[in-house]
Amino acid sequence: MCGIVGYVGTKQAAPFLIEGLTKLEYRGYDSAGIAVFDGETINVEKTVGRLAALKEKLEGHVPVGCVGIGHTRWATHGRPSDRNSHPHTDCSGDFVVVHNGIIENYMSLKEQLIKKGHEFKSETDTEVIAHLLEELYTGDFEAAVREVLKRIDGSYSLVFMSKNDPDKLICTKKDNPLVIGLGDGENFIASDIPAIIARTRKTYIINDGEVAVVKKDSIWITNREGQPVTKKIFEVNWNAEAAEKGGYEHFMLKEIHEQPKAVRETMSARVAKDNSAIIMEELKWNKEYLDSFQKIFVVACGTAYNAALVGKYYIEKLVRIPVEVDIASEFRYRSPIIDDRTLTIVVSQSGETSDTLAALKESKRLGAKTLAITNVVGSSIAREADQVIYTWAGPEIAVASTKAYTTQLITMFMLAMYMAGIKGTVTPERTKELLTQLHQIPAQISETLEDVEPIKTFAKEYGFNEDVFFIGRSLDYAVALEGSLKLKEISYIHAEAYAAGELKHGTLALIIEGVPVIALATQKNVYEKTLSNIKEVKARDAVVIGIASANDSELEKYVDHVIKVPETDELLIPILTVVPLQLLAYYAAITRQCDVDKPRNLAKSVTVE
Ligand code: AGP
């Protein structure tokens, strides 16, 4: 999730480009750059690091010119570095592009272009677009852009610049946001409204497949087929802070609603088109490598630890290799039994959590092979691990992790299916069945997000209880742990999650009249057992909110309220059942007027022991 900007006008472009990128830094901040046409050449200035590093680099020689584009990066392909920073150019430097998104087929396009003599300067997927434009250009800039769009797969918002057509910028989008700001004798392009709100409140919201040719005094928009499109002006009435949150009240709520996209992006280019297999280009594992492992550790902290628990179920169920899950701060000091037949997987959104980093280093010291699952390209954990799988959730600003968790679950599932594909532990029919359902998950998350009113009501009704319990069995228990952590960390309610079968061994003593119990019951092989545990707490007059799958017509007979999520395979349902729990925590925190995005005593990335 990068930030992109563009300017065509009569004023100097660079000041707007820098100002706009400053407003978009919440979208990504590991490197930045601008390109400005000075009447003869397109000057590209870019650097690794936050925007401040670019400003410092430009001091005393800010590129001059009235047409320019800019970018602030959230790395997905190619670690943060000067050469991987945007804007990217073709061999001649005549075509320059900035991009937000992921080009799924970039590797095959790159190989074809290299065969045709193109020389690449970066590891990014984006640079392929600049060379493709160079390859396809025959004198008509817009036509060449359309030819490029026919050949790229993935998600993108793009702004193109050409030395041959210096009075215009061309921009387009698919699955990623893009807006055009309407000025007087100038026009602005941005991946998001915060970048332009200080200059204009009149905007065009660009739709998928639309291509806009933007000049200082005209904007020509056509659809995928090239037919002209008449756009309605969208008048922005948000203040700058609200704009950064995309109109949501808090980053946490915005990030909860970004989950369909985050999960879709994390799956992109990793599920074979015919649903026959999972592709992990970044691993290149084989049966011999997998057979060398006698044991797998999955180690993490907090929410990432809760995702690791789900990962254990997936790997043991689908690959039949024993998995031990550990809290990193415990793992690093308990001299775990590790040797060169051990694989240690560490999970971390930030990639900087010191306990998890230390656990990784300890595993390597003891001879284990290591794999990191992280959301930040180039982070310490990513650099330390032997191999890395990136979740593509984009920057997560709110302290309470939400979209990172669901992308970690989907990554764990894909990893298990990838290993099962190599070891042949899942039949081709079951693989197809599971991967077909996997494709539906992003849309099913959207469906789950549609009706939040009942959850708001429960939050208001039970938001002032100081004790709340979560129960579940098997994968439901793992999700219950995450639900209780979310409620604890942002609403400060003392929430506890228990394996439902464990209640009788002590905790049932805490169940009294009116205490809220959130009971997850989606796992078929333990469904009846879970029902009987629900009856146990109901017998003590607890108020039970049940979480069930859509086709379940049984649970509602035993609980006070039921929240249903769309039907899917019980292995995948944790990615759906966590969503109402995230919302419950959010609205409980709102009810208790807590600082949702910055809860007391907590930090987004814990870089101390
Ligand atoms: C979760 O909402 C918390 N922010 C916290 O538990 C977090 O998951 C934990 O600190 C691990 O962070 P990481 O994923 O960045 O390593």
Side-chain angles (χ1 to χ4, degrees), residues 1 25-30 49-52 72 74-75 80 241 244-245 248-256 258-259 262 299-309 326-333 346-362 372-385 390-391 393-408 481-495 497 578 581-582 585-586 588-590 592-609:
M1 188 163 105
E25 252 199 318
Y26 69 93
R27 297 180 61 87
Y29 36 71
D30 59 41
R50 303 202 68 143
L51 201 59
T72 178
W74 175 265
E241 199 199 335
E244 274 186 19
K245 295 177 185 136
Y248 291 97
E249 204 186 333
H250 294 96
F251 278 112
M252 182 183 177
L253 190 61
K254 177 176 180 250
E255 288 157 7
I256 289 174
E258 283 175 346
Q259 292 183 105
V299 182
C301 302
T303 285
Y305 170 80
N306 294 334
L309 273 176
D326 233 314
I327 293 168
S329 52
E330 287 297 311
F331 179 88
R332 59 182 294 190
Y333 292 116
V346 295
V347 186
S348 173
Q349 186 286 126
S350 61
E352 301 298 344
T353 300
S354 70
D355 283 323
T356 308
L357 181 57
L360 172 60
K361 288 181 176 163
E362 178 66 359
I373 295 177
T374 184
N375 194 44
V376 181
V377 175
S379 58
S380 308
I381 285 174
R383 291 198 306 273
E384 184 68 31
Y390 289 113
T391 55
E396 192 175 64
I397 311 281
V399 168
S401 184
T402 53
K403 61 178 181 174
Y405 174 76
T406 42
T407 58
Q408 285 159 358
L481 284 164
E482 177 55 13
S484 79
L485 176 60
K486 286 282 104 46
L487 194 61
K488 267 189 283 236
E489 68 177 312
I490 63 166
S491 75
Y492 316 146
I493 290 173
H494 179 207
V578 73
L581 304 185
Q582 295 165 342
Y586 175 79
I590 295 289
R592 297 161 71 96
Q593 297 176 329
C594 302
D595 183 343
V596 170
D597 283 341
K598 295 192 175 70
R600 69 187 183 205
N601 308 340
L602 299 179
K604 181 63 186 169
S605 177
V606 183
T607 53
V608 291
E609 246 197 274

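Owing to the predicted nature of the structure, the values given are computational and were not obtained by experimental measurement.
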(request) Using modelled atom types only, decide if a donor and an acceptor are shared between the side chain of Asn375 and the backbone of Gly351 within a distance under 3.5 Å. (result) no
(message) For the backbone of Ile397 and the side chain of Glu255, can you confirm whether one donor and one acceptor N or O come within less than 3.5 Å of each other?
(response) yes
(message) Checking Glu352 now: which residues fulfil salt bridge (Lys or Arg N to Asp or Glu O under 4.0 Å) with it, not counting sequence neighbours?
(response) none
(message) Show, in sequence, the C-alpha distance, side-chain angles and deciding distance for Glu249 and Val596, and conclude whether the side-chain contact (heavy atoms from CB on, under 4.5 Å) test is met.
(response) CA-CA 10 Å; Glu249 204 186 333; Val596 170; over 6 Å; no
(request) Kindly compute the distance separating CG (Leu360) from CZ (Arg383), expressed to the nearest 0.5 Å. (result) 12.0 Å
(message) A side-chain contact here means heavy atoms from C-beta on lying under 4.5 Å apart; do Leu581 and Glu482 qualify?
(response) no
(request) Could you tell me whether the side chain of Thr374 and the main chain of Ser348 form a donor-acceptor pair under 3.5 Å? (result) yes
(request) Give the minimum heavy-atom separation between Ala382 and Gly378, together with the two atoms involved. (result) CB-N, 4.1 Å
(request) Report the distance from atom CD1 of Ile373 to atom OG1 of Thr407, rounding to the nearest 0.5 Å. (result) 9.5 Å
(request) Would you verify whether the NZ or CZ of Arg600 falls within 45 degrees of the ring axis of Tyr492 while also being under 6.0 Å from that six-membered ring's centre? (result) yes
(message) Please find the pair of heavy atoms, one from Ala262 and one from Ala393, that lie closest to each other, and give the distance.
(response) CB-CA, 3.8 Å
(request) Ignoring hydrogens and angles, tell me if any N or O in the side chain of Asp30 forms a donor-acceptor pair with the backbone of Pro80 under 3.5 Å. (result) no
(message) Rounded to the nearest 0.5 Å, what separates atom CG in Leu485 from atom OH in Tyr405?
(response) 10.0 Å
(message) Can you confirm whether the side chains of Gln259 and Thr402 place a donor and an acceptor under 3.5 Å from each other?
(response) no
(request) Taking all heavy atoms of Ala603 and all of Val399, pick out the closest pair and write down the distance. (result) O-CG1, 3.9 Å
(message) With rounding to the nearest 0.5 angstrom, report the NZ to CD1 distance, Lys361 to Ile381.
(response) 9.5 Å
(message) For Gly394 versus Trp74, what's the shortest heavy-atom pair and its separation?
(response) CA-NE1, 3.5 Å
(message) If you apply the rule salt bridge (charged side-chain N to carboxylate O under 4.0 Å, His left out), what do you find for Lys403 with Glu396, and how did you get there?
(response) CA-CA 8 Å; Lys403 61 178 181 174; Glu396 192 175 64; over 6 Å; no
(request) Say whether Thr303 and Lys486, considering side chains only, have a donor N or O and an acceptor N or O under 3.5 Å apart. (result) yes
(request) Could you tell me the separation between the OG atom of Ser484 and the CD atom of Glu489, rounded to the nearest 0.5 Å? (result) 10.0 Å
(request) With the side chain counted from C-beta on, respond yes when Gln349 and Gln408 share a heavy-atom pair under 4.5 Å apart, and no when they do not. (result) yes
(request) Would you indicate whether Lys488, at its atom NZ, is surrounded by more than 12 heavy atoms from other residues, nucleotides or ligands within a distance under 6.0 Å? (result) yes
(message) Within the structure provided, determine whether Cys594 and Ile490 are in side-chain contact (heavy-atom separation under 4.5 Å).
(response) no
(message) Between Ser354 (side chain only) and Val608 (backbone N and O only), is there a donor and an acceptor less than 3.5 Å apart?
(response) yes
(message) Is it the case that the side chain of Asp597 and the backbone of Met252 share a donor-acceptor pair, with hydrogens and angles ignored and the cut-off at 3.5 Å?
(response) yes
(request) Can you see which heavy atom on Tyr390 is nearest to which on Val376, and at what distance? (result) CE2-O, 3.6 Å
(message) Using 0.5 Å steps for rounding, measure from the CD atom of Glu258 to the OH atom of Tyr248.
(response) 7.5 Å
(request) Check Asp355, Val606, Val346, Asn306 against Cys301 for a side chain to side chain contact (heavy atoms under 4.5 Å, CB included) and give me the one that passes. (result) Asp355
